[in-house]
Amino acid sequence: MKKQMVAVHWRDIHFHDDWREDEEIATDLPVFITLGVKVKGGDPLVVASVVAPDSPERRYGDVTKIPKGCIVKVEVLGTVEVKK
């Protein structure tokens, strides 16, 4: 089975519990990039940066779930082979 290697560009959700001026609210949030194997598409997109490709259980580590609304773009970097 082939899995996509991806670079997911996403913005995090921010919360401030005090008063803010218009200029502060209007600023863009920073874009982060998560690199890894796309484990599951959809909402949320699930990406793992560590894969045990020869494991019969297809084990994944350092798993990140990114809500669809936070994703700016997804770049496909290539594919990797994982046992079925």
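Residue numbers count from 1 along this sequence.
Cluster membership for Leu45 and Val6, using ILVMFWY side-chain heavy atoms within less than 4.5 angstrom, is shared. Clustering ILVMFWY residues whenever any of their side-chain heavy atoms sit less than 4.5 angstrom apart, transitively, puts Val80 in the very cluster that holds Leu77. Grouping the Ile, Leu, Val, Met, Phe, Trp and Tyr side chains by contacts below 4.5 angstrom, directly or via other members, places Val46 with Val51. Residues Ile71 and Phe32 are members of one and the same hydrophobic cluster, defined by side-chain heavy-atom contacts under 4.5 angstrom among Ile, Leu, Val, Met, Phe, Trp and Tyr. Note on Met5: it clusters hydrophobically with Ile33, by side-chain heavy-atom contacts below 4.5 Å among ILVMFWY residues.
With hydrogens and angles ignored, the 3.5 Å screen pairs no side-chain donor or acceptor of Gln4 with any backbone N or O of Gly78. At distances below 3.5 Å, not a single donor-acceptor pair connects side-chain atoms of Asp62 with backbone N or O atoms of Val50.
Residues satisfying the side chain to side chain contact (heavy atoms under 4.5 Å, CB included) test with Thr79, not counting sequence neighbours, are Lys2.
Atom CD1 of Ile25 is surrounded by more than 12 heavy atoms from other residues, nucleotides or ligands within 6.0 Å. By the 6.0 Å contact criterion, CD on Glu81 is enclosed, its count of non-hydrogen atoms from other residues, nucleotides or ligands being greater than 12.
Minimum heavy-atom separation, Trp10 to Thr34: NE1-OG1, 2.8 Å. A pairwise comparison of heavy atoms in Arg11 and Pro30 identifies CG-O, 3.6 Å as the closest pair. Of all non-hydrogen atoms in Lys3 and Lys38, the two that sit nearest each other are CD-O, 3.6 Å. Residues Gly61 and Ala48 come closest through the heavy atom pair O-CB, 3.7 Å. Residues Lys40 and Pro44 share a closest heavy-atom pair of NZ-O, 3.2 Å.
Distance check: Ile66 CD1 to His9 NE2 gives 10.5 Å after rounding to the nearest 0.5 Å. Atoms OG1 and CG, on Thr27 and Asp22 in that order, are 11.5 Å from each other to the nearest 0.5 Å. Atom CG in Asp12 sits 6.5 Å away from atom SG in Cys70 (nearest 0.5 Å).
A heavy-atom distance below 4.5 Å is found between the side chains of Asp43 and Pro67.
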